[in-house]
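What follows is one structure encoded as structure tokens, with my remarks underneath.
Since this is a predicted model, take the numbers as computed values, not measurements. This chain uses plain numbering: 1 for the first residue, then up along the sequence.
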Amino acid sequence: MSADVYADMKQGEKGAWISIAAYIALSALKLTIGFYYQSKALQADGWNNLTDIVASMAVLIGLRISQKPPDCDHPYGHLRAETIAALIASFIMATVGIQVILSTIGSIFNGESVTPNPITGWVAVVCGAVMFVVYQYNKRLANRIRNQALMAAAQDNRSDALVSLGAAIGIFGSQIGLPWLDPLAALSVGVLICKTAWDIFRETTHTLTDGFDEAHLERLRKTVAGTDGVRAIREVKARLHGSLVLVDVVVQVDPKLSLIEGHQICDDIEQSMKRKHNITHVHVHVEPMDTGAASESASLQGRAAH
């Protein structure tokens, strides 16, 4: 693994630590104020942040494991620990979301309806603004270093900002004679948490099963096809390994080319992938093109044109 990748991992750790620090401070504030002033929505938001600490720790551990160098059992390195960390984070989020939904429904059926103090609403607004700033920071960092685990953490940050906003709406709504808005906001918080967990789960399982975006793959194929000397493409495959994209290419070239010329085509493909797509891990296999098949294909195309 290159020094640049190690440096990116360290940057990713910084984002995870910022999330952890924010969650510790905000969860303590929300739970204290929420219980004291009896706001179900703020309490739900606080419990969400408390478990987000565990999710962020999972991301941090995943980033640490990812930095381990390749060994005999992991010749490609440990980068997929990032994706596994994001998957674990989705499970934690789903558990919290379901718990918030069940506890809120239970309070509704028990007839618990208390109008919270307006202070709880302003606490939710301030906390939402803080989490939005953290989300922006982690999103930019995750995009720059192309880190899936940190992007999952950023998505969680965004959900938390929206959750706090929803809690504030419910709390302020209860001040105008609509006390049911507070538990409704708490219920919405639970649903949004579950939605975020599902989105992260779907993306991470797609990656872990070697799924890859078809549109992105088509762009890679066009880059290969545009390389001088490539007569035909037998296969282009790609998969994610943590933050890295691994590409396997099989191309056909003129059978009369020398070994050196064939090797140059491989180098050209690798350089194009790096320059156009920032992909440095490309395996290219060159095969001689079947001249008979090529002539037959050209003949068929000629007859089709007429």
Is it the case that the side chain of Thr204 and the backbone of Phe201 share a donor-acceptor pair, with hydrogens and angles ignored and the cut-off at 3.5 Å?
yes
Do any N or O atoms from the side chain of Gln43 and from the backbone of Gly34 form a donor-acceptor pair under 3.5 angstrom?
yes
Ser39 side chain to Phe35 backbone, donor-acceptor under 3.5 Å:
no
One pair to check against side-chain contact (heavy atoms from CB on, under 4.5 Å): Leu50 and Tyr23. What are the steps and the verdict?
CA-CA 7 Å; Leu50 191 63; Tyr23 285 138; over 6 Å; no
Rounded to the nearest 0.5 Å, how far apart are CG of Leu257 and CD of Gln264?
11.5 Å
So which of Ile24, Asn157, Ile20, Asn138 actually passes side-chain contact (heavy atoms from CB on, under 4.5 Å) with Ser56?
Ile20
Can a donor-acceptor pair be found between the side chains of Asp267 and Gln271 at a distance below 3.5 Å?
no
Are Pro288 and Val253 close enough that some pair of their side-chain heavy atoms sits under 4.5 Å apart?
no
Check the hydrophobic clustering (I, L, V, M, F, W, Y; side-chain heavy atoms under 4.5 Å; chains of links allowed) and say if Val230 and Val247 are grouped together.
yes
Val224 and Val245: same hydrophobic cluster, using ILVMFWY side-chain contacts below 4.5 Å?
yes
Do Tyr137 and Leu141 have side chains that approach each other closer than 4.5 Å (heavy atoms only, starting at C-beta)?
yes
Within residues 26-37 or reaching into it, pairs that qualify as salt bridge (charged side-chain N to carboxylate O under 4.0 Å, His left out) - sequence neighbours excluded
Lys30-Asp45
Would you say that Lys256 contacts Met289 through its side chain, given a criterion of any heavy-atom pair below 4.5 Å between the two side chains?
no
Can you measure from OG1 (Thr280) to CE (Met273) and round to the nearest 0.5 angstrom?
12.0 Å
If you measure from CG on Leu162 to OG on Ser188, what distance do you get to the nearest 0.5 Å?
11.5 Å
Would one find more than 12 heavy atoms of other residues, nucleotides or ligands at under 6.0 Å from atom CG of Asp71?
yes
Could you state the interatomic distance from CG (Asp254) to CD1 (Ile265), rounded to the nearest 0.5 Å?
8.5 Å
Give a yes or no on whether the backbone of Ser258 and the side-chain of Glu261 come within a donor-acceptor separation of less than 3.5 Å.
yes
Could you see if Val286 belongs to whatever hydrophobic cluster contains Val250? Use Ile, Leu, Val, Met, Phe, Trp, Tyr and a side-chain cutoff under 4.5 Å.
no
Between CG on residue Asn49 and OG on residue Ser19, distance to nearest 0.5 Å:
10.5 Å
Cluster link Tyr135 to Met151, ILVMFWY, side chain under 4.5 Å:
no
Give every residue pair that meets the salt bridge (charged side-chain N to carboxylate O under 4.0 Å, His left out) criterion with at least one member in residues 272-287, sequence neighbours excluded.
Arg234-Glu287
Validation: residues 209-219 side-chain donor-acceptor distances under 3.5 Å, sequence neighbours left out:
{"unit_1": "Thr209", "atom_1": "OG1", "unit_2": "Thr205", "atom_2": "O", "d": "2.8"}
{"unit_1": "Thr209", "atom_1": "OG1", "unit_2": "His206", "atom_2": "O", "d": "3.1"}
{"unit_1": "Asp210", "atom_1": "OD1", "unit_2": "Arg80", "atom_2": "NH2", "d": "2.4"}
{"unit_1": "Asp213", "atom_1": "OD2", "unit_2": "Ala215", "atom_2": "N", "d": "3.4"}
{"unit_1": "Asp213", "atom_1": "OD2", "unit_2": "His216", "atom_2": "N", "d": "2.9"}

Report whether Ile61 and Ile92 are members of the same hydrophobic cluster (ILVMFWY, side-chain heavy atoms less than 4.5 Å apart, transitive linking).
no
Which residue pairs satisfy the salt bridge (charged side-chain N to carboxylate O under 4.0 Å, His left out) criterion with at least one member in residues 47-67, sequence neighbours excluded?
Glu13-Arg64
Over all heavy atoms of both residues, which pair between Ser90 and Ala197 is shortest? Give the atoms and the distance, please.
O-CB, 3.3 Å
Check whether any side-chain heavy atom of His277 sits under 4.5 Å from a side-chain heavy atom of Leu220, and report yes or no.
yes
Donor-acceptor pairs under 3.5 Å, side chain of residues 120-132 to any protein atom, not counting sequence neighbours: which ones?
{"unit_1": "Thr120", "atom_1": "OG1", "unit_2": "Asn117", "atom_2": "O", "d": "2.6"}

Go through Ile33 and Leu42 one step at a time and tell me if the side-chain contact (heavy atoms from CB on, under 4.5 Å) criterion holds.
CA-CA 8 Å; Ile33 300 298; Leu42 194 61; 3.9 Å; yes
Checking His78 now: which residues fulfil ring pair (Phe, Tyr, Trp, His ring centres under 6.0 Å) with it, not counting sequence neighbours?
His74
Can you measure from CD1 (Ile200) to CG (Leu87) and round to the nearest 0.5 angstrom?
10.0 Å
